[in-house]
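Each remark here refers to the structure printed beneath this line.
FYI, the numbering just counts along the sequence from 1. Computed from a predicted structure; not experimentally measured.
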Amino acid sequence: MAPNEPAPADRPLLRKAEAKDAEPLTRLFLASRARTMPYLPKVHSDADTLAWMTHVVLPGTTVWVAETGTGDVLGFASVDGTELEHLYLRPDVRRRGIGSLLLAKAREISPEELTLYAFQRNTDARAFYERHGFAAVDFNNGSRNEEKEPDVLYRWTARG
């Protein structure tokens, strides 16, 4: 593709999140969790989740949004230091390279190391991260998360 040639219409664009993204990112977060992890208990109301996105996630972490050329939000990644706090996709756009694109951005933000937590039952996410070089380093019975769902800590380093 030539430098001034527009990106193909189906290629997601990445941009840094803004305060106005709180509502669409919250909707995406809730929809993704409901579809991909229906076993999770709902520990917060939708309004509380929106407040958390507005007042904690967006101002407190580095958030990148994947969207279409027309502005439809496809996914987002949130990085805090060396921790990938969130990587969520709209349920209908999985397996199209969008998660890989967001993960590559997270590695740009934290190029030496990334850690993340995944629920042990979330086998699709676990397989995704393992394909991308993450190794499981600690398993927990769920005592460290609000959902009380067993989880696993993953780590990736640039050194391999």
Fill in: Expected output: side-chain Thr54 to main-chain Ala22 donor-acceptor under 3.5 Å
no
Worksheet item: Can you tell me how far CD of Glu108 sits from CG of Leu14, rounded to the nearest 0.5 angstrom?
Response: 8.5 Å
Discussion item. Let's go through Thr61 and Glu83 carefully: what are the C-alpha distance in whole Å and the side-chain angles of both, what is the deciding distance for side-chain contact (heavy atoms from CB on, under 4.5 Å) to 0.1 Å, and is it a yes or a no?
Written reply: CA-CA 10 Å; Thr61 67; Glu83 185 171 350; over 6 Å; no
Practice prompt. Could you tell me whether Arg107 sits above the aromatic face of Trp156, with NZ or CZ closer than 6.0 angstrom to the six-membered ring centre and within 45 degrees of the axis?
Written response: yes
Worksheet item: How would you list, by chain and number, every residue that makes a side-chain contact (heavy atoms from CB on, under 4.5 Å) with Arg155, sequence neighbours excluded?
Response: Glu113, Thr115, Val137, Thr157
Worksheet entry | Donor-acceptor contact present, side-chain Thr68 to main-chain Asp72, <3.5 Å | yes
Worksheet item: Using 4.0 Å as the upper bound for N to carboxylate O, is an ion pair formed by Asp21 and Arg27?
Response: no
Practice prompt. Could you tell me whether Arg35 and Asp92 make a salt bridge, using a distance below 4.0 angstrom between a side-chain N and a carboxylate O?
Written response: no
Response to the item:
Heavy-atom closest pair (Ser32 atom, Pro91 atom, distance to 0.1 Å) is CA-CG, 3.8 Å
Discussion item. Once side-chain hydrogen bond (donor to acceptor under 3.5 Å, both in side chains) is applied, do any residues pair with Ser100, and if so which ones, sequence neighbours excluded?
Written reply: His132
Worksheet item: Can you name the nearest heavy-atom pair linking Pro59 to His55, along with the distance?
Response: CG-O, 3.3 Å
Worksheet item: Tyr129 vs Tyr154 aromatic rings, parallel, tilted or perpendicular, using cut-offs 30° and 60°?
Response: tilted
Discussion item. For a quick test of reading the model, state the closest non-hydrogen atom pair linking Leu74 to Pro12 and the distance between them.
Written reply: CD1-CB, 3.8 Å
Discussion item. To the closest 0.5 Å, what do you measure between CG (Leu114) and CD1 (Ile109)?
Written reply: 8.5 Å
Worksheet item: When you measure from the side chain of Asn145 to the backbone N and O of Lys148, does any donor-acceptor pair fall under 3.5 Å?
Response: yes
Fill in: Apart from Val56 itself, residues in the same hydrophobic cluster as defined by side-chain heavy atoms under 4.5 Å
Leu25, Leu28, Phe29, Leu30, Met37, Tyr39, Leu40, Trp52, Met53, Val57, Leu58, Val63, Val65, Val73, Phe76, Tyr88, Phe119
Fill in: ILVMFWY network linking Phe134 to Leu153, side-chain heavy atoms under 4.5 angstrom
no
Worksheet item: Taking the hydrophobic residues Ile, Leu, Val, Met, Phe, Trp and Tyr, and joining any pair whose side-chain heavy atoms are under 4.5 Å apart, which ones share a cluster with Leu50?
Response: none
Discussion item. How long is the straight-line distance from NE2 of His86 back to CG of Leu84, given to the nearest 0.5 Å?
Written reply: 9.0 Å
Worksheet item: Can Lys42 and Arg33 be said to form a side-chain contact (heavy atoms from CB on, under 4.5 Å), step by step?
Response: CA-CA 10 Å; Lys42 189 167 180 173; Arg33 285 171 67 102; over 6 Å; no
Response to the item:
Sorted by chain and residue number, the side-chain contact (heavy atoms from CB on, under 4.5 Å) partners of Gln120 (sequence neighbours excluded) come out as Arg126, Phe139, Pro150, Val152
Worksheet item: What residue among Ile98, Leu116, Leu102 forms side-chain contact (heavy atoms from CB on, under 4.5 Å) with Leu87?
Response: Leu102
Worksheet entry | Where at least one partner belongs to residues 132-145, residue pairs that pass salt bridge (charged side-chain N to carboxylate O under 4.0 Å, His left out), sequence neighbours excluded | Asp138-Arg144, Arg144-Asp151
